[in-house]
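Here is the structure we will look at.
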Amino acid sequence: MAQIYSRIMATGSALPERVLTNADLEKFVDTSDEWIHSRTGIRQRHVAAEGETTGDFATLAAQRALDAAGVKPSELDLIILGTTTPDIIFPSTACLVQHRLGANGCAAFDVNAACSGFVYALGIADKFIRSGQSKKVLVIGAETLTRMVDWTERETCVLFGDGAGAVVLEASDEPGIYATCLHADGGHKELLYNPVGVSVGFKDEPNHGVRIRMSGREVFKVAVKTLDSLVEETLAAAGMEASQLDWLIPHQANLRIIEATAKRLNMPMDQVIVTVDKHANTSSGSVPLALDSAVRSGKVKRGQNLLLEAFGGGFTWASALLRY
Ligand code: ACO
C-alpha cells in the first residue's frame, strides 16, 4: 500500500485590528522602543479589543484557510486547536470554532503546549492522516495572550501579542510533511508559567491578577540550546541536510533566538520568515501567522521545503519539516 502523507492545502490567519506600538507602550510603561527592539526585534503587537476572544481569531483564520483551500467545513473530519488562552474552560475552543464554522460532528479538541501548541497540533494531525483515520484536518494556533499580561510589569508586557493562524491538511500520496518531532520537559515549570488554574484555585497572589511569570534570561538560554538540537533531530528524522531547506519558519519570540537557530543551520536571514517585529510573541499563533504571511506574500512557494519550530512554557518544543 502506498504511503499516506499529509499536505498543507492552504493557510489563513487573523489579527486584532488594534495595534500597540513600542512608542504607545512608552506612554504608560517604563520602557523604550530602543530597549524592546534591540533585545527582541519587536516594534509592535496586535491587541484584542474588549470582548474579542481566541475563538474569534481562530474562526476567522480557519475560514480564510478553508476558503483558500476550497474546502467546505462539512468536509473536515478533525479540528485541532493549539492554545493556552482558551475562551472558556470548557467546551474546548476547538468545539466552539467547529460550531461557528458549521463542521459539527467531526472530532475537535484543544492542545495546550504553550508556544509549541500549533506545531504540536500539526504533529498530531499528521499522525491522524498517516494512519488513514482522517482525510481533511483543520489545524489552528490561536491566542489572546495579552489577557494574561500585567501591563505594569515591563519585563513581560512588552513581549506578547494576540492573533491566530490556521492550515488545512489533506491526505496525499506525496509529501507533505516528512517529519515532526514533539518534546516536553516539565522540570522547568518555574521558568515560564501562569500559576492560576482550576484545581489550584482561580486566584493568583493578592493584587496580581492572572499574569505570566517568566525568567527571561534563563528561558533564552534553554531555548537556544534546545532549538539547536531540535533542528538537528528534525533533519535526521526527515533524512535531509540543512542545505535542502528553503525556509526556516520559527516561533516568533525573540529575533536573537531566531538568529541563533538560523546560524546553526547555516541559513542566511533572508531565508528566515520574521514577523516578530509586527506580531511580537503570539504563542501558538506565532508559527501559523508567520507561515500564512510568507505564503500570501509569495515568499513561500509550492514545492519548497520548510522547517517549522517552536519552544515554549512546559518547557515544550516541537518541529515539522515539510514540502509546501
Ligand atoms: N524596558 C526597559 N528595561 C527593561 C525592560 C523593559 N521592557 N524589561 C527589563 N528591563 C531591564 C531589567 O530591569 C534589567 O535592568 P537591570 O540590569 O538594571 O537589572 C535590564 O533591563 C536587563 O534585563 P535582562 O532580563 O537581563 O534583559 P535580556 O537581555 O535578557 O532581555 C528578554 C530580556 C527580552 C526577556 C530576553 O531574556 C528574552 O527574550 N528571553 C526569552 C523569552 C522567550 O523567548 N519566551 C518564549 C517563550 S514565551 C511562552 O512560552 C508563553
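Order of listing sets the numbers, starting from 1, for every ligand and every atom in it.
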field: Which atom of Arg147 lies closest to which atom of Ala48, heavy atoms considered
entry: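 Closest approach of Arg147 to Ala48: NH1-O, 3.7 Å.
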
query: Any idea which atoms of ligand 1 are less than 4.0 Å away from a heavy-atom of Thr40?
result: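 In order of numbering, the contacting atoms are 34 (C).
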
task: Give the numbers and elements of all ligand 1 atoms closer than 4.0 Å to a heavy atom of Val158.
output: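 So the answer, numbered in order with elements, is 7 (N).
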
- request: For atom 26 (O) of ligand 1, state which one of Glu143, Arg217, Glu34 supplies the nearest heavy atom.
  value: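 Checking each option, the heavy atom nearest atom 26 (O) of ligand 1 is found in Arg217.
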
message: For atom 15 (O) of ligand 1, tell me which residue out of Glu155, Arg154, Met148 has the closest non-hydrogen atom.
response: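 Among Glu155, Arg154, Met148, the closest heavy atom to atom 15 (O) of ligand 1 belongs to Arg154.
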
Nearest to [atom], what protein heavy atom do you find, and at what distance?
{"atom": "atom 41 (C) of ligand 1", "value": "Gly216 O, 3.6 Å"}
{"atom": "atom 38 (C) of ligand 1", "value": "Asn254 ND2, 3.5 Å"}
{"atom": "atom 33 (C) of ligand 1", "value": "Trp35 CH2, 3.9 Å"}
{"atom": "atom 47 (C) of ligand 1", "value": "Leu192 CD2, 3.5 Å"}
{"atom": "atom 49 (C) of ligand 1", "value": "Cys115 SG, 2.8 Å"}
{"atom": "atom 27 (O) of ligand 1", "value": "Arg39 NE, 3.6 Å"}
{"atom": "atom 48 (S) of ligand 1", "value": "Asn281 ND2, 3.3 Å"}

Please report the interatomic distance [atom1]([X]) to [atom2]([Y]), rounded to the nearest 0.5 Å.
{"X": "Thr83", "Y": "Phe57", "atom1": "OG1", "atom2": "CZ", "value": "11.5 Å"}
{"X": "Leu306", "Y": "Trp247", "atom1": "CG", "atom2": "CH2", "value": "9.5 Å"}
{"X": "Leu245", "Y": "Met267", "atom1": "CG", "atom2": "CE", "value": "5.0 Å"}
{"X": "Thr146", "Y": "Arg18", "atom1": "OG1", "atom2": "CZ", "value": "8.0 Å"}

query: Are the charged groups of Asp33 and Arg43 less than 4.0 angstrom apart, N to O?
result: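 Yes, Asp33 and Arg43 are salt-bridged.
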
Would [X] count as a contact of ligand 1 if the rule is a heavy atom under 4.0 Å away?
{"X": "Met214", "value": "yes"}
{"X": "Val219", "value": "yes"}
{"X": "Gly313", "value": "yes"}

- prompt: More than 12 foreign heavy atoms under 6.0 Å from NZ of Lys127: is that the case here?
  reply: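 Result for NZ/Lys127: enclosed.
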
